[in-house]
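Chain letters run A, B, ... following the sequence lines, proteins first and then strands; every chain starts at 1. Just the heavy atoms: all of them, side chains too, but no hydrogens, waters or symmetry mates, feed the values below.
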2 protein chains.
Amino acid sequence: MLDATSSYKIMDQRIPVDDRTGRRIVPETHSRADRLATTRYGNRPTMKDVAARAGVGLKTVSRVVNGEAGVTPETEHRVREAIEALGFRRNDSARVLRKGRTASIGLVLEDLADPFYGPLSRAVEEVARANGALLINGSSAEDPEREQELVLALCARRVDGLVVIPAGDDHRYLEPELKAGVATVFVDRPAGRIDADVVLSDNFGGARDAVAHLIAHGHRRIGFIGDMPRIHTAAERLRGYRAAMEDAGIEVADAWTSLGVTDPQRVRRAAEEMLSGPSPVTAIFTGNNRVTVTVIRVLAEHTRRVALVGFDDIELADLLQPGVTVVAQDAATLGRTAAERLFRQLDGTLLTPERIELPTRLITRGSGELPPAD
Amino acid sequence: MLDATSSYKIMDQRIPVDDRTGRRIVPETHSRADRLATTRYGNRPTMKDVAARAGVGLKTVSRVVNGEAGVTPETEHRVREAIEALGFRRNDSARVLRKGRTASIGLVLEDLADPFYGPLSRAVEEVARANGALLINGSSAEDPEREQELVLALCARRVDGLVVIPAGDDHRYLEPELKAGVATVFVDRPAGRIDADVVLSDNFGGARDAVAHLIAHGHRRIGFIGDMPRIHTAAERLRGYRAAMEDAGIEVADAWTSLGVTDPQRVRRAAEEMLSGPSPVTAIFTGNNRVTVTVIRVLAEHTRRVALVGFDDIELADLLQPGVTVVAQDAATLGRTAAERLFRQLDGTLLTPERIELPTRLITRGSGELPPAD
DNA sequence: TAGAGCCTGGACAACGTTGTCAGATGCGGG
DNA sequence: CCCGCATCTGACAACGTTGTCCAGGCTCTA
């Protein structure tokens, strides 16, 4: 019975959609209630069903499905018909169990919605796709515990590899996984207490260049608003800021640096404070794209011209008045490099963990070239 | 031997990190060559190994791992020690095979890097997380074949559900999957030739409002630059544009609409054409965020003031001169609603496919309120 | 002290696939 | 006509987990 009603072709689209007469054979839709009533989860057709219907052995179906040699065209045809008729789809879970590889990689980042991670994710996805793998991804929300939880869940799924933008600084929990052969690459920030591939931007150099740029334009009282120094990138950028100041022989006043603020409200207040008081800053260096955006808003409300250089590029930065000078990192290259290394690990081509540092680029657009408004 | 060197605690972090004496027991790092030499993929410890080491039966280990009742505290302790010592991690592939549910859902969208999809993905992820599921996602790059390929790959992994932003317009290939109980929700664009849940923005209404807004400010020659009408959202927005024009009794000149252009180069040319010639437009309605950004660039180069309303909000739109008036859709709500419906389908709470349309919001910031520069 | 009942633990099958290996079939040549 | 060989096919075990079911030991009560 089921055979009779489900014998239409599905997978190859050769359905003769005759709007006048075809209806009985090919119902356009099924109500969900129908579906649930007729099929409980798990009674999908299996290779066994296909084999029975085609009148062949189990292994023959497997051969057809996997394009292995040794099947007569005629037999293959019968099998394919059965597959189409039943709507069979290979169960990759079972396949994985048998074969050992899942053809999927995990990507753990901080926040899927952050524009910085969009291009990075896509780059990782593209490389994965080129290598026939799917991408499973999740956000840690900057929480080390959640990062670990996520990573271990991915390992339980037996992803072949992991691209991790770490939130925590101790990754020894990954030791058993690394030993078991899970390829792993850390991106954007280094791994903690573990020897693994790392792909980073030159946060220190980029920050130092940015601040040096401001100094070259005559600024001496330069503020820095950045994330918690617990985060490696934030710490490096802070270090770059300090290095540039020290190189110029400028002593940094406490009031000029604000660390760990991250929500717009507090960034706003931090900026306001730097801009007021007895010796207000004449320029601000912002530690990431979110901070930059907020500070742009604050500065827009001020009449006094304050110079600004931001870490990370932001869209439309060139159209603002003045254009926003930034230190841009190449998120796509970061992701692509990491993913490529991952697959080279899986190839066995890559044996020694390395630390790769990608250069940043100072893009001058106006805001960083404003003279001090003393 | 192996036992002796690997008996440190891993999973519960209770490692006595004694920097002076602890080193011999807990090696900080292993070279990857070591790992590959000693362990080929697949020889991870299994429950059987854990059982053998703890001197208990297989099922007892399973009970401990899954927190089932019926295990003496003392036995449980022995099992946990064995788990930690071996670095055992349950293989979810095997689990899935047995249980039938994978606790993962698939998200197919157009482009992970598009800022519109960032908040949407995150919303889906959050709901998934709240329901204990992982998110597998991929980009279709607006290619129907690739969409299908991706969706079917996800089905082969036996995801419990799918959130799809469709690229194609025929989804009958999903029939067997729906019958098999794969929960499915389409977002942003409707499903084709199949009866399924759909969550959309009110593209028609939003576009009509946008254009009516321009008309209310005195414009009559209004241009529209949008995506291929093959894409549902683009078609709806075009329809909204035309409806508003018709309501105002304005006949739309051919030269005013440009469809299917998508790369910056061609959008730029299309905009230039509208702005020149005998009867240039005095306002432009742009059909999506990418087009809007390009058109902003073009307009910035022109001296004549041209009004602009864009579909989709863009970051920093308020800081440009003038601020960019947009029709904003709520990507996060779109994603959240879809994901929530998905899990309600899985619950069995939800039986009838529905089409949900979310309102859009006109945000006036200046560019849409410019008078015609006739 | 015996019996009933409960609690813990373990043997075994099953999930759907793939690898191994041996059996069946057909063909051509001696 | 039969044998050998090549080609095609299928039975079976295994992957690592969980559900079922039963055995054995314990406690408690009569």
Side-chain angles (χ1 to χ4, degrees), chain A residues 40-80 82-83 86-103 153 155-160 180-181, chain B residues 40-80 82-83 86-103 153 155-160 180-181:
Chain A
R40 53 191 194 291
Y41 183 91
N43 66 352
R44 296 192 68 134
T46 71
M47 284 194 177
K48 212 159 156 184
D49 301 323
V50 174
R53 193 185 160 104
V56 301
L58 190 54
K59 182 63 214 216
T60 301
V61 177
S62 171
R63 274 192 271 259
V64 170
V65 170
N66 293 292
E68 284 170 35
V71 181
T72 324
E74 194 231 347
T75 309
E76 175 170 348
H77 184 71
R78 276 218 316 287
V79 172
R80 291 213 179 278
I83 288 177
L86 297 175
F88 165 80
R89 197 93 58 208
R90 182 177 64 196
N91 183 333
D92 278 352
S93 290
R95 176 166 219 251
V96 160
L97 183 57
R98 191 66 230 264
K99 300 208 80 147
R101 286 280 160 117
T102 55
C155 289
R157 301 284 161 122
R158 295 294 187 267
V159 293
D160 297 335
Chain B
R40 53 191 193 290
Y41 183 91
N43 64 351
R44 295 192 70 134
T46 72
M47 284 194 177
K48 211 160 156 185
D49 300 325
V50 175
R53 184 170 223 267
V56 302
L58 191 53
K59 181 64 212 208
T60 301
V61 177
S62 172
R63 274 195 268 260
V64 171
V65 169
N66 293 294
E68 285 169 36
V71 182
T72 323
E74 193 231 346
T75 308
E76 175 171 348
H77 183 73
R78 275 219 315 287
V79 172
R80 290 212 181 280
I83 288 177
L86 297 174
F88 166 81
R89 196 92 59 208
R90 181 177 65 196
N91 183 334
D92 277 351
S93 290
R95 175 164 220 250
V96 159
L97 183 57
R98 191 66 231 265
K99 301 208 79 149
R101 286 281 160 116
T102 55
C155 289
R157 302 283 160 120
R158 294 293 185 270
V159 291
D160 297 335

### Query
Mind checking whether B:R95 and B:N66 have side chains closer than 4.5 Å, heavy atoms only?
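SC-SC contact between B:R95 and B:N66 confirmed.
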Nearest-Å distance, [atom1] ([X]) to [atom2] ([N])?
| X | N | atom1 | atom2 | value |
| --- | --- | --- | --- | --- |
| B:M47 | D:dC15 | CE | C1' | 14 Å |
| A:R158 | D:dG16 | CZ | P | 9 Å |
| A:L58 | C:dT20 | CG | C1' | 14 Å |
| B:R157 | C:dC15 | CZ | P | 23 Å |
| B:D49 | D:dG16 | CG | C1' | 10 Å |
| A:E68 | D:dT9 | CD | P | 13 Å |
| B:K48 | C:dG9 | NZ | P | 21 Å |
| A:K99 | D:dA14 | NZ | P | 19 Å |

### Task
May I have the step-by-step check of side-chain contact (heavy atoms from CB on, under 4.5 Å) for B:R157 and B:T102, ending in yes or no?
CA-CA 8 Å; B:R157 302 283 160 120; B:T102 55; over 6 Å; no
### Task
Please check the phosphate of C:dC15 (OP1 and OP2 only) for any side-chain N or O of A:T46 closer than 4.0 Å.
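No, because none of the side-chain N or O atoms of A:T46 sits under 4.0 Å from OP1 or OP2 of C:dC15.
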#### Entry: B:R53 CZ to B:L86 CG distance, which is reported to the nearest 0.5 Å
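CG of B:L86 is found 5.0 Å from CZ of B:R53.
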### Task
Give me the bend of the helix from C:dT1-D:dA30 to C:dG30-D:dC1, using the axes of the five pairs at each end, rounded to 10°.
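About 60°, once rounded to a multiple of 10°.
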### Task
List the steps, then state whether side-chain contact (heavy atoms from CB on, under 4.5 Å) holds for B:D49 with B:T46.
CA-CA 5 Å; B:D49 300 325; B:T46 72; 3.7 Å; yes
Can you name the closest pair of heavy atoms from [X] and [Y] and give their distance?
| X | Y | value |
| --- | --- | --- |
| B:D92 | A:A153 | OD2-O, 4.5 Å |
| A:A94 | B:L97 | CB-CD1, 3.7 Å |
| B:V61 | B:V56 | CG2-CG2, 3.9 Å |
| A:E76 | A:V71 | N-CG1, 3.7 Å |
| B:K48 | B:L58 | N-CD1, 3.5 Å |

### Query
Can any side-chain N or O of B:R63 pair as donor or acceptor with the backbone N or O of B:E68 at less than 3.5 Å?
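No, because the side chain of B:R63 does not come within donor-acceptor range (under 3.5 Å) of the backbone of B:E68.
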### Query
Is B:R89 reaching over with its side chain to a backbone N or O of A:A156, donor-acceptor style, under 3.5 angstrom?
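Looks like no, no N/O pair under 3.5 Å.
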### Task
Pick base, sugar-phosphate or nothing for B:G70, based on heavy-atom distances below 4.0 Å to the nucleic acid.
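B:G70: backbone/sugar contact only, no base atoms under 4.0 Å.
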#### Entry: Within residues 59-67 of chain B, residues whose heavy atoms come under 4.0 Å of DNA chain C
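Here the set is B:K59, B:T60, B:R63.
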### Task
Could you identify which residues of residues 90-98 of chain B place a heavy atom less than 4.0 Å from some atom of DNA chain C, listed by residue number, or say none?
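Per residue number, the list reads B:L97, B:R98.
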